[in-house]
Amino acid sequence: MAFLTDADRQRIREAIRAAEHRTSGEFVTVVARASDSYLATPILFAATAALVLPAIAWLIGFRQHPAELYLAQIASFIVVLLLLLWPPLTRLVVPRRVQRHRAHRLAREMFHIRGLHRTREGTGVMLFVSVLEHHVEIIADHGINAKVGPEDWRQIVDRFTSAVRQGQIGDGFVAAIGSCGELLSRHFPRAADDRNELPDHLIEL
């Protein structure tokens with residue numbers, strides 16, 4: 001992904017290893033360019049623009065041959081659709097609640113697909129970022145949830161979200177991993193027989 005460099009990926013890997021050296025928590029990092037294609041909303045806007053075009057032409061007194069008007073409708077549909085598929089505009093036209101729902105759904109899917117619910121002590125933690133939606137989520141397995149509540153993650157998530165909005169995704173991951181490692185080391189210090197159960201590299205979707 002263009003917004004992450006090889007140096008960022010290496011820093012994230014090293015941050016995970018450093019955090020897991022202090023705690024029995026197992027960290028997995030996931031970044032997605034977007035949590036959905038969001039085609040429905042741009043298509044709806046483009047179709048509306050194409051349908052409204054004849055009325056606008058009639059109101060301003062612009063008379064065209066039906067074939068020309070039809071071609072103009074097709075052109076307007078394509079232009080509006082392509083514009084709204086540009087990520088910054090997609091984020092503007094898709095309702096925020098829809099974005100949050102899609103991002104949260106993908107985060108939950110990735111948590112299970114990547115096996116974070118199958119660690120030996122239930123200490124899997126996923127740091128998930130969906131860039132288009134500026135969505136950050138930290139999901140922990142049952143072992144950690146028994147001792148660490150949502151309020152404990154809130155400040156970490158807020159700082160992480162701020163970094164993502166500023167385009168500092170690599171820095172955000174590294175700082176968040178470090179904070180999570182510090183938090184979990186107080187509740188889940190690394191055991192003598194601890195082993196690495198999950199991959200340390202950044203997973204990119």
*So, do His187 and Thr23 sit near enough that their side-chain heavy atoms are less than 4.5 Å apart?*
no
*So do Phe111 and Val30 actually touch side chain to side chain, heavy atoms under 4.5 Å?*
no
*If you group Ile, Leu, Val, Met, Phe, Trp and Tyr by side-chain heavy-atom gaps below 4.5 Å, do Val157 and Ile169 land in one group?*
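Yes, it is one cluster - the side chains of Val157 and Ile169 are joined through contacts under 4.5 Å.
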_Set out, in order, the CA-CA distance, both residues' side-chain angles and the distance that settles side-chain contact (heavy atoms from CB on, under 4.5 Å) for Arg22 and Leu184, then state yes or no._
CA-CA 8 Å; Arg22 306 171 60 191; Leu184 296 186; over 6 Å; no
What is the distance from atom [atom1] of [X] to atom [atom2] of [Y], rounded to the nearest 0.5 Å?
X: Ile144; Y: Thr123; atom1: CD1; atom2: OG1; answer: 5.5 Å
X: Arg108; Y: His104; atom1: CZ; atom2: NE2; answer: 4.5 Å
X: Arg100; Y: Glu137; atom1: CZ; atom2: CD; answer: 11.5 Å

*Using ring-ring contact (aromatic ring centres under 6.0 Å, His included) as the criterion, list what pairs up with His112, not counting sequence neighbours.*
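Listed in chain order: His117.
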If only side-chain N and O atoms count, and only distance matters, is there a donor-acceptor pair under 3.5 Å linking [Y] with [X]?
X: Gln99; Y: His135; answer: no
X: His201; Y: Arg9; answer: no
X: Thr5; Y: Asp8; answer: yes

*Identify the residue among Leu106, Val31, Val28 that makes a side-chain contact (heavy atoms from CB on, under 4.5 Å) with Phe128.*
Leu106
_From Leu85, Val93, Thr90, Leu84, residue fulfilling side-chain contact (heavy atoms from CB on, under 4.5 Å) relative to Tyr38_ =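 Exactly one candidate clears the test, Thr90.
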*Would a distance-only check, ignoring hydrogens and angles, find a side-chain to backbone donor-acceptor pair under 3.5 Å from Ser179 to Ala175?*
yes
_Can you tell me if Gln10 has over 12 outside heavy atoms packed within less than 6.0 Å of its CD?_
yes
